[in-house]
Amino acid sequence: MTEAILLVGGKGTRLRPMTVNTPKPMVPAAGVPFLTHQLARARAAGVEHIVLATSYLAEVFEPHFGDGSSLGLHLEYVTEEEPLGTGGAIRNVASRLRSGPSDPVLIFNGDILTGLDIRALVATHESSGADVSLHLTRVSDPRAYGLVPTDDTGRVTAFLEKPQTPEEIVTDQINAGAYVFRRSVIDTIPAGRPVSVERETFPGLLAAGAHLQGMVDSTYWLDLGTPAAFVRGSADLVLGRAPSPAVPGRCGDRLILPTALVAYDAKVTGGTVVGERAVVGEGARIFGSTILAGAVVEPGAVITDSLIGARSVVGARTVVTGAVIGDGARVGADNELREGVRVWCDALLPAGAVRFSSDQ
Ligand code: GDD
Ligand code: MG
């Protein structure tokens, strides 16, 4: 298998700030744009040609990745005028594929960090003779995902996207967002209109008697769709829990990019990344967090499991736990920002403005 399609588009995300809602594929995870990890892993599994199917922020991919040669890949970019959905996006790039009708084509969601053995998925696809093979993983709460029950040979028996009722929750196996399609199956997706591969294509193929094969692989897997998950994923890359050939430097407790400045007595641990030109002041303690480029962490600040946006400032002694500080925001000294708080991009928070504990 030498070809892949990477899905990096979607609705409603165009106008939202970079780090406050869904992290975008170009936000650095472990020091490089998140997408780099997926591209590098596909390359390591033998993929040579990847088509990026995009519908928003498309213009940011090409200037960075170019023709892909720095990653040993040949990359192409296709931008939808209006989002075509996951299936529509796949169909929309079919003309760029060079594979023959029965060749396997790898397709993957652009927001997943995983240790999936891609070659094993292709091998399963070829040995089972399936039309489509899906990477499945197990989660405790499947409601945000596509539920995929299989029979005892691994053949998919149903595909239930975002199940809501208890009766629908018949398994803990979910669609992990990586597929191998037989090339000719891609051509059966209707062209020129939005199609959801999860809600239309997979159920339709099953109804028509097609063979969908599931491969449960319980390796590292994380959907990076929320800032909290993104921060976790970045730390896991740095710690070496999530395997990627694209992590710059050796895996360890922290990744401090060469142009960052970290005070000698600051404690930076738990897979924290300190981005380019970021500054960490004396006595600051940072655990399991992502500090993006040019951010300033003032002396004595304590940051845990948080995303600190590009060029933002975290004031002296401020405590930030499980929070997101948007790009360019300025949080004054002596604040306490806890679980789930999202400080909007460019917002200004005065010193001592938000506290959870008493000031006694
Ligand atoms: N080009 C393009 N155009 N890409 C799209 C579009 C579109 O219109 N819509 C979504 N995508 C891309 C997203 O950028 C993402 O990489 C991927 O397709 C999946 O879309 P999400 O919007 O992130 O879907 P989800 O997370 O709710 O659910 C999907 O992923 C789960 C695993 O994380 C589904 O595939 C579920 O079945 C699956 O369990
Ligand atoms: Mg997603």
Side-chain angles (χ1 to χ4, degrees), residues 4-14 16 21-27 29 33-35 37-39 42 50-61 76-94 96 106-114 116 132 134-149 156 158-164 168-169 171-179 181 186 189-203 206 212 214 216-217 220-230 232-233:
I5 299 170
L6 180 53
L7 299 172
V8 278
K11 282 201 183 97
T13 34
R14 195 191 298 263
R16 291 183 188 162
N21 286 301
T22 311
K24 304 297 185 293
M26 295 300 284
V27 178
F34 167 67
L35 222 50
H37 300 291
Q38 291 182 307
L39 296 172
I50 302 184
V51 186
L52 268 76
T54 77
S55 64
Y56 67 90
L57 288 174
E59 64 284 0
V60 306
F61 299 124
E76 284 187 73
Y77 306 84
V78 176
T79 305
E80 297 142 41
E81 272 170 33
E82 290 300 324
L84 288 170
T86 45
I90 296 167
R91 179 65 180 86
N92 190 48
V93 303
R96 303 296 185 102
L106 175 71
I107 300 178
F108 48 115
N109 289 354
D111 57 353
I112 304 293
L113 182 59
T114 175
L116 167 69
V132 179
L134 299 86
H135 171 209
L136 309 181
T137 191
R138 292 198 164 92
V139 294
S140 49
D141 182 359
R143 284 174 298 177
Y145 303 104
L147 207 63
V148 189
V156 174
F159 195 107
L160 302 149
E161 184 66 10
K162 312 268 180 338
Q164 293 310 325
E168 283 180 313
I169 300 177
T171 172
D172 59 357
Q173 292 175 182
I174 61 142
N175 167 25
Y179 325 113
F181 270 64
I186 294 175
I189 300 172
R193 68 164 171 88
V195 178
S196 161
V197 81
E198 298 89 350
R199 294 180 194 277
E200 184 175 339
T201 309
F202 292 146
L206 287 169
L212 272 59
V216 181
D217 183 337
Y220 185 93
W221 186 86
L222 195 61
D223 178 326
L224 299 183
T226 65
F230 188 87
R232 182 72 260 144

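No experiment lies behind these values; they were computed from the predicted model shown. Order of appearance sets the numbers: ligands from 1, and atoms from 1 within every ligand.
- Every residue two or more places apart in sequence or in another chain that forms a side chain to side chain contact (heavy atoms under 4.5 Å, CB included) with E200 is listed here: P190, R193, V195.
- Among G85, S55, P194, the residue whose heavy atom lies nearest to atom 8 (O) of ligand 1 is G85.
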Residue pair F108, Q38: steps toward the side-chain contact (heavy atoms from CB on, under 4.5 Å) verdict: CA-CA 9 Å; F108 48 115; Q38 291 182 307; 3.8 Å; yes
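- Close contacts of ligand 1 with P83, meaning ligand atoms under 4.0 Å from a residue heavy atom, involve 8 (O).
- Of all the heavy atoms in I186 and A94, the pair that sits closest is CG2-CB, 3.9 Å.
- Applying the side chain to side chain contact (heavy atoms under 4.5 Å, CB included) criterion to A29, with sequence neighbours excluded, gives F34, H37, F230, S234, L237.
- Between atom 16 (O) of ligand 1 and the options A53, G110, G88, the minimum heavy-atom separation is to G110.
- Distances from atom 29 (C) of ligand 1 to the heavy atoms of L84, N109, I90 show the closest one on N109.
- Among G177, A89, G9, the residue whose heavy atom lies closest to atom 5 (C) of ligand 1 is G9.
- For the pair R143 (side chain) and Q164 (backbone), a donor-acceptor distance under 3.5 Å is absent.
- For N92, there are no side chain to side chain donor-acceptor pair (under 3.5 Å) partners, not counting sequence neighbours.
- T86 and E198 are linked by a side-chain donor-acceptor pair at a separation below 3.5 angstrom, with hydrogens and angles left out of the test.
- Atoms of ligand 1 found under 4.0 Å from any heavy atom of D223 (numbered from 1 in listed order, with element): 26 (O), 32 (C), 33 (O).
- Q173 contributes a side-chain N or O that, together with a main-chain N or O of V148, makes up a donor-acceptor pair within less than 3.5 Å.
- Using a 4.0 Å heavy-atom cutoff, F108 is absent from the residues neighbouring ligand 1.
- Residue contacts with ligand 1: W221 is included, with a non-hydrogen atom under 4.0 Å away.
- Contacts of T54 with ligand 1, taken as heavy-atom pairs under 4.0 Å, involve the backbone alone.
- Listed by atom number, the atoms of ligand 1 under 4.0 Å from E161 heavy atoms are 28 (O), 34 (C), 36 (C), 37 (O).
- Atoms of ligand 1 found under 4.0 Å from any heavy atom of Y179, numbered from 1 in the order shown, are 35 (O).
- When the heavy-atom distances from atom 3 (N) of ligand 1 to E80, K162, H135, E82 are ranked, the shortest goes to E80.
- The number of protein N, O or S atoms lying under 2.8 Å from the Mg ion (ligand 2) is 1.
- The two residues L136 and G214 come nearest to each other via the heavy atoms CD1-CA, 3.8 Å.
- The backbone and the side chain of L7 each have at least one atom closer than 4.0 Å to an atom of ligand 1 (non-hydrogen atoms only).
- Y179 and F202 have perpendicular rings, their planes meeting at more than 60° on a 0 to 90° scale where under 30° would count as parallel.
- Geometrically, ligand 1 and N175 share a nitrogen or oxygen pair separated by less than 3.5 Å.
- Using modelled atom types, no side-chain atom of S55 and backbone atom of E82 make a donor-acceptor pair closer than 3.5 Å.
- Minimum heavy-atom separation, A89 to E80: CB-OE2, 3.2 Å.
- A donor-acceptor pair is defined here as one N or O able to donate and one able to accept, closer than 3.5 Å; no such pair exists between the side chain of W221 and the backbone of L113.
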